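One structure is given below, encoded as structure tokens.
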Amino acid sequence: MIRILIVEDDADFAFLIKNTVNSQPDMEAVGIAVNSKEALKFTELLLPDIVLMDLSLSESKLDGIDAARSIRLQTSIKLLILTAFEDPAIILDACRRSFAFGYVFKSQFDLLVETIRKTMEGPTPQEYMIQALILSVLSPAEQSVLNLLLGKEQDLHSSPKTIYNQKASILKKLHLKNQEELIHIFQTYHRQ
């Protein structure tokens with residue numbers, strides 16, 4: 001059973017999602033959060049498999065990004081962005097900043113169930129695309145250091161000081177506090 005937490009501040013749309021999810025024999029909506037504070041609380045209490053995060057909660061424009069990012073940094077739960085925004089630049093930036101696994105446009109609601117299933121089966125083309133976007137800000141040398149940090153064999157010809165500086169640069173570019181956050185984020189993604 002795929003357990004899903006819905007984070008949506010539009011009561012009617014949340015009801016539609018809940019009914020759609022619960023009509024599937026392999027899915028269950030375990031809760032509905034209406035803001036980022038509830039999203040974090042319910043994620044911790046309910047331990048869903050997937051969080052469907054509305055990108056624009058009523059608290060502020062694009063508030064769902066920060067909540068999604070917090071969930072990804074604190075858990076191994078897969079996160080899908082649910083959005084009415086259809087500007088590719090906004091969506092891709094939101095997915096990159098939140099470390100999401102994918103996204104669903106509200107206008108393409110009929111793809112929701114299939115997207116949830118494919119995300120659980122993983123990896124999806126969206127997941128690989130988001131990983132590529134995240135990694136695109138890193139230089140080839142920084143990507144090699146990231147691979148080293150993730151336990152992949154790398155033939156680096158850099159001094160320990162250079163590797164240390166590259167690690168610091170990776171954390172800064174990805175807006176992560178420490179190596180533990182970095183490793184957590186990339187261990188939850190399927191890696192090529």
Side-chain angles (χ1 to χ4, degrees), residues 5 7 33 35-45 47-57 59-83 85 88-103 119-120 122-192:
L5 174 63
V7 184
N35 58 46
S36 57
K37 186 177 179 180
E38 282 186 3
L40 296 169
K41 178 181 160 189
F42 291 172
T43 298
E44 187 178 314
L45 289 173
L47 301 173
D49 299 305
I50 287 192
V51 172
L52 289 177
M53 176 68 69
D54 183 11
L55 189 56
S56 182
L57 300 170
E59 299 163 43
S60 67
K61 187 177 180 186
L62 303 181
D63 185 55
I65 295 172
D66 293 331
R69 183 180 177 86
S70 293
I71 289 168
R72 287 284 290 123
L73 288 170
Q74 296 171 24
T75 72
S76 296
I77 294 169
K78 295 187 176 194
L79 192 128
L80 290 173
I81 298 287
L82 187 61
T83 182
F85 292 105
I90 290 174
I91 301 312
L92 296 177
D93 182 60
C95 288
R96 181 185 56 78
R97 288 176 40 212
S98 66
F99 302 111
F101 278 77
Y103 60 91
T119 299
M120 282 305 296
T124 66
Q126 282 187 354
E127 182 181 334
Y128 283 132
M129 178 195 63
I130 293 165
Q131 283 183 66
L133 282 171
I134 294 166
L135 296 175
S136 70
V137 300
L138 304 180
S139 70
E142 290 166 340
Q143 289 188 30
S144 293
V145 170
L146 173 62
N147 285 330
L148 180 70
L149 294 171
L150 295 174
K152 287 188 172 182
E153 197 94 16
Q154 296 293 301
D155 186 25
L156 299 179
H157 302 285
S158 301
S159 71
K161 181 167 176 51
T162 299
I163 292 171
Y164 175 84
N165 289 337
Q166 288 170 331
K167 184 174 96 172
S169 179
I170 293 166
L171 294 173
K172 183 177 179 182
K173 286 180 177 181
L174 299 181
H175 306 284
L176 296 169
K177 293 178 192 168
N178 53 47
Q179 184 174 327
E180 289 76 24
E181 285 187 350
L182 179 75
I183 290 169
H184 171 75
I185 288 298
F186 285 97
Q187 283 182 338
T188 57
Y189 280 126
H190 289 90
R191 299 277 294 168
Q192 291 179 327

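As the structure is a computational prediction, the values presented were derived from the model and not from experiment.
- For His175, there are no side-chain hydrogen bond (donor to acceptor under 3.5 Å, both in side chains) partners, not counting sequence neighbours.
- Heavy atoms only, all atoms of each residue included: Asp155 and His157 are closest at OD2-NE2, 3.3 Å.
- In this structure, Ser76 and His184 have side chains that are in contact, with non-hydrogen atoms separated by less than 4.5 Å.
- No donor-acceptor distance shorter than 3.5 angstrom exists from the side chain of Lys78 to the backbone of Phe101, with no hydrogens or angles considered.
- What you find for Leu182 and Leu171 is that their closest heavy atoms are CB-CD2, 4.0 Å.
- Scanning for ring-ring contact (aromatic ring centres under 6.0 Å, His included) contacts around Phe42 gives an empty result, with sequence neighbours left out.
- One finds the CD1 atom of Ile65 at 9.0 Å from the SG atom of Cys95 (value rounded to the nearest 0.5 Å).
- Taking both residues in full, the closest heavy atoms of Met53 and Ala68 are given as CE-N, 3.8 Å, listed atom of the first, atom of the second, then distance.
- Once rounded to the nearest 0.5 Å, the distance linking CG of Leu5 with CG of Leu52 reads 8.0 Å.
- Nearest approach of Ile170 to Leu146, heavy atoms of both residues: CD1-N, 3.9 Å.
- Residues Thr162 and Val145 form no side-chain contact, since every pair of their non-hydrogen atoms from C-beta on lies 4.5 Å or further apart.
- Taking CG of Leu82 as the reference point, atom CG of Leu55 lies at 9.0 Å (rounded to 0.5 Å).
- Remark: the backbone N or O of Phe99 is paired with a side-chain donor or acceptor of Tyr189 at under 3.5 angstrom.
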One pair to check against side chain to side chain contact (heavy atoms under 4.5 Å, CB included): Gln74 and Thr43. What are the steps and the verdict? CA-CA 10 Å; Gln74 296 171 24; Thr43 298; over 6 Å; no
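- Heavy atoms only, all atoms of each residue included: Ser158 and Gln166 are closest at OG-OE1, 4.4 Å.
- Of the possible donor and acceptor atoms, none in the side chain of Arg97 sits under 3.5 Å from a partner among the backbone N and O of Arg69.
- With a 4.5 Å cut-off on side-chain heavy atoms, Arg72 and Ile185 count as touching.
- Rounded to the nearest 0.5 angstrom, Gln143 CD and Leu148 CG are separated by 13.5 Å.
- Once rounded to the nearest 0.5 Å, the distance linking OG of Ser159 with CG of Asn165 reads 8.0 Å.
- A donor-acceptor pair under 3.5 Å is absent between the side-chain atoms of Glu181 and the main chain of Leu73, judged by distance alone.
- Within the 4.5 Å cutoff, the side chain of Ile77 has no heavy atoms near those of the Asp49 side chain.
- Between Asp93 and Arg96 there is a salt bridge, since a side-chain N of the basic residue sits under 4.0 Å from a carboxylate O of the acidic one.
- Here the straight-line distance linking atom CD1 of Ile130 with atom CG of Leu135 works out to 12.0 Å at 0.5 Å rounding.
- Considering every non-hydrogen atom in both Leu156 and Ser144, the closest pair reads CD2-CB, 3.5 Å.
- In this structure, Val51 and Val7 have side chains that are in contact, with non-hydrogen atoms separated by less than 4.5 Å.
- Residue Lys41 qualifies as open at atom NZ: its count of foreign heavy atoms under 6.0 Å is 12 or below.
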Run the side chain to side chain contact (heavy atoms under 4.5 Å, CB included) check on Ser98 and Ile81 step by step: do they pass? CA-CA 9 Å; Ser98 66; Ile81 298 287; 3.9 Å; yes
